[in-house]
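As structure tokens, the structure follows; a few thoughts come after it.
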Amino acid sequence: MEKKTMYLPHELILQILLRLPVKSLIRFKCVCKLWFSLISYDSHFANSHFQLTTVIHTRRILFISTSTSQIRSIDFEASLDDTASLNINFMLPQSYLDLQIKGSCRGFLVLWCSSNIYLWNPSTGVHKQIPFPPFGSNLDATYFYGFGYDQSTDDYLVVSMSDDSNSANFYSHLEFFSLRANTWKEIECTTGTHFPYMNACDDPRVGSLFNDAIHWLAFRNDIPMNVIVAFHLLERKLFDIHLPDDFDHEPTDCELWVFREFLSLRAMEDDIVEVWVMKEYNVHSSWIKTLVLPMDGIPIHYFSPIYSSNGNIIGTDGGTGLVRYNDKGKLLDHHSYCNDACGSQFAMYIESLLSLDNEQD
């Protein structure tokens, strides 16, 4: 019998590829030169793929152990054990010992290491190095970090807030790096002075990205009171969001995150975690305590949420492992990945083919 070669038009092949997960596309780069070029370098294809798969983006958790120089990507939708993870190589010109994750957005992570900052896509391996901020070059003085995307200008912004070492009133500098402009810029307060915000926690905090803004827990020394301070990525300005009226927890015991598509607060007290959500964004009266999670099943009685998906809440145990609850507060799973809690970090990212200008492999 005569063999017939199946033929698919290029346009149809393109539409099929656009709907495949990133993991499959990375493997398919070896099929032919055309596919390799399309998947590796075509920014239009990468953007179209990102937009088409917005609802079904594959989300993973990156685990970094600085003590063992290990980077692992965990498929938390499948399982929290080692069989659902894979090792990732990211070669740095210096040691991993001071590597810190400072933000996640659209498939990219911000890594701070020694005197360098890297924007890195773990799915494709491409990365770009950017300079430290002028005022935030002193890590001991920098207490707020953030990373986000300005969709109005198609620009990625790295944000830093740090102490003003020349001020006796604890004012701060606010700076952002524009990837499109390839430079740092300082934003000044409308009153002509620096901003009256201090870190309300014991350690530097990574901002929570939500609704085109990056959010931190802060102390306003001019009022004085604890607030949520937010940097709007499109408008390039700060604004305050007040905490719930009956919220009596210390900021050191709290974190901001996104739960069920709402800006949320995690507060720890004794052996429980309270989850508060703002049902209507920036409407103070819409705060409500929606969930209480017991911590008696976690060895060190600590839980820091990262992401909620399909009725589950995924977070860290504050050290070496991940924890999974259901949305009713029942502990489902707990798994550790190393023995050194001091050198462990976790962050959620989404798989994407998106690239940066002048990135490196």
Side-chain angles (χ1 to χ4, degrees), residues 59 61 63 74 76-81 104 199-203 205-211 213-219 225-230 240-337 341 344-348:
R59 290 169 168 82
I61 290 179
F63 163 67
I74 302 162
F76 63 86
E77 295 285 5
S79 172
L80 294 186
D81 61 30
S104 175
N199 189 2
C201 308
D202 293 333
D203 53 347
R205 292 294 178 95
V206 176
S208 182
L209 180 61
F210 178 74
N211 205 39
I214 303 171
H215 305 76
W216 303 273
L217 284 171
F219 177 76
M225 66 183 299
N226 293 316
V227 298
I228 298 172
V229 59
D240 289 354
I241 297 176
H242 290 282
L243 299 172
D245 287 333
D246 50 351
F247 190 80
D248 57 357
H249 300 278
E250 291 296 324
T252 52
D253 298 324
C254 303
E255 278 185 303
L256 290 167
W257 65 305
V258 179
F259 177 54
R260 294 175 179 167
E261 306 304 321
F262 300 111
L263 181 65
S264 304
L265 275 165
R266 180 277 285 164
M268 290 196 307
E269 181 178 349
D270 298 325
D271 289 336
I272 64 169
V273 171
E274 295 179 357
V275 177
W276 295 69
V277 300
M278 180 173 266
K279 301 289 286 186
E280 188 174 349
Y281 185 67
N282 207 10
V283 176
H284 178 251
S285 60
S286 69
W287 280 111
I288 184 172
K289 182 167 68 175
T290 187
L291 192 61
V292 175
L293 307 173
M295 290 188 292
D296 49 6
I298 305 174
I300 61 175
H301 289 202
Y302 184 93
F303 179 68
S304 174
I306 298 177
Y307 184 68
S308 63
S309 172
N310 298 328
N312 292 332
I313 302 170
I314 308 295
T316 76
D317 61 6
T320 65
L322 290 176
V323 179
R324 188 200 309 268
Y325 287 92
N326 66 16
D327 59 1
K328 305 299 181 183
K330 180 181 178 181
L331 179 63
L332 302 177
D333 197 5
H334 176 222
H335 185 80
S336 293
Y337 297 91
S344 301
Q345 300 176 68
F346 295 87
M348 193 275 292

Is there side-chain contact between Leu265 and Val275, with heavy atoms separated by less than 4.5 Å?
no
Tell me whether the count of non-hydrogen atoms from other residues, nucleotides or ligands lying under 6.0 Å of CD in Glu77 goes above 12.
yes
Who pairs with Met278 by side chain to side chain contact (heavy atoms under 4.5 Å, CB included), at least two apart in sequence or on another chain?
Ile241, Ser286, Trp287
How about Met295 and Val273: do any of their side-chain heavy atoms sit closer than 4.5 Å?
yes
To check you understand the geometry: which heavy-atom pair defines the closest contact between Val323 and Asp317, and what is its length?
CG2-CB, 3.9 Å
Let me confirm one number: the CG-CG distance from Asn226 to Asp240, rounded to the nearest 0.5 Å.
11.5 Å
Any side-chain heavy atom of Met268 within less than 4.5 Å of one from His249?
no
What residue pairs, at least two apart or across chains, pass salt bridge (Lys or Arg N to Asp or Glu O under 4.0 Å) with a residue in residues 273-284?
Glu274-Lys289
Would Ile313 and Trp257 count as a side-chain contact (heavy atoms from CB on, under 4.5 Å) if you check the C-alpha gap in whole Å, the side-chain angles of each, and the deciding distance to 0.1 Å?
CA-CA 11 Å; Ile313 302 170; Trp257 65 305; 3.8 Å; yes
Closest non-hydrogen atom pair between Pro294 and Gly329, with its separation:
CD-O, 3.1 Å
For Arg59, check side chain to side chain donor-acceptor pair (under 3.5 Å) against everything at least two apart and list the hits.
Tyr307
Under 4.5 Å between any side-chain heavy atoms of Asp253 and Glu269, yes or no?
no
Looking at Ala218 and Val229, what are the two nearest heavy atoms and their distance?
CB-CG1, 3.6 Å
Checking the side chain of Thr320 only, and the main-chain atoms of Ser336 only, is there a donor and an acceptor separated by less than 3.5 Å?
no
Backbone of Ser208 reached by a side-chain donor or acceptor of His215 within 3.5 Å:
yes
Relative to each other, are the rings of Phe303 and Tyr325 parallel, tilted or perpendicular (30° and 60° limits)?
perpendicular
Dump the intermediate steps for side-chain hydrogen bond (donor to acceptor under 3.5 Å, both in side chains) on His301 and Asp296, then the final yes or no.
CA-CA 6 Å; His301 289 202; Asp296 49 6; over 6 Å; no
Could I get the full list of side chain to side chain contact (heavy atoms under 4.5 Å, CB included) partners for Leu209, not counting sequence neighbours?
Cys105, Ile214, Leu233
Counting C-beta onward and ignoring hydrogens, is there a side-chain heavy-atom pair between Ile228 and Leu217 closer than 4.5 Å?
yes
Tell me, with the steps shown, if Trp276 and Ile288 meet side-chain contact (heavy atoms from CB on, under 4.5 Å).
CA-CA 5 Å; Trp276 295 69; Ile288 184 172; 5.9 Å; no
Pairs flagged by salt bridge (Lys or Arg N to Asp or Glu O under 4.0 Å) wherever residues 297-306 is involved - sequence neighbours left out:
none
From CA spacing to verdict: side-chain contact (heavy atoms from CB on, under 4.5 Å), Phe76, Ile61
CA-CA 7 Å; Phe76 63 86; Ile61 290 179; 3.5 Å; yes
Taking atom OG of Ser285 and atom CG of Asp245, what is their separation to the nearest 0.5 Å?
9.0 Å
Please check this pair: side chain of Asn326 against backbone of Lys328, looking for a donor-acceptor N/O pair closer than 3.5 Å.
yes
Can you check whether Phe210 reaches Ser264 side chain to side chain, under 4.5 Å on heavy atoms?
no
Under the side chain to side chain contact (heavy atoms under 4.5 Å, CB included) rule, collect the residues that match up with Thr316, sequence neighbours excluded.
Ser304, Ile306, Leu322, Phe346
Under 6.0 Å between ring centres, would you say that holds for His335 and Phe63?
no
pair Ser344-Tyr337: side-chain heavy atoms closer than 4.5 Å:
no
Hey, mind stepping through Asn199 and Trp216 against side-chain contact (heavy atoms from CB on, under 4.5 Å) and telling me if it holds?
CA-CA 9 Å; Asn199 189 2; Trp216 303 273; over 6 Å; no
To the nearest 0.5 Å, what is the distance between OG on Ser309 and CD1 on Ile314?
7.5 Å
Does Arg260 reach the main-chain N or O of Val277 with its side chain, forming a donor-acceptor pair under 3.5 Å?
no
Is there a side-chain contact between Leu293 and Arg266, using heavy atoms and a 4.5 Å cut-off?
no
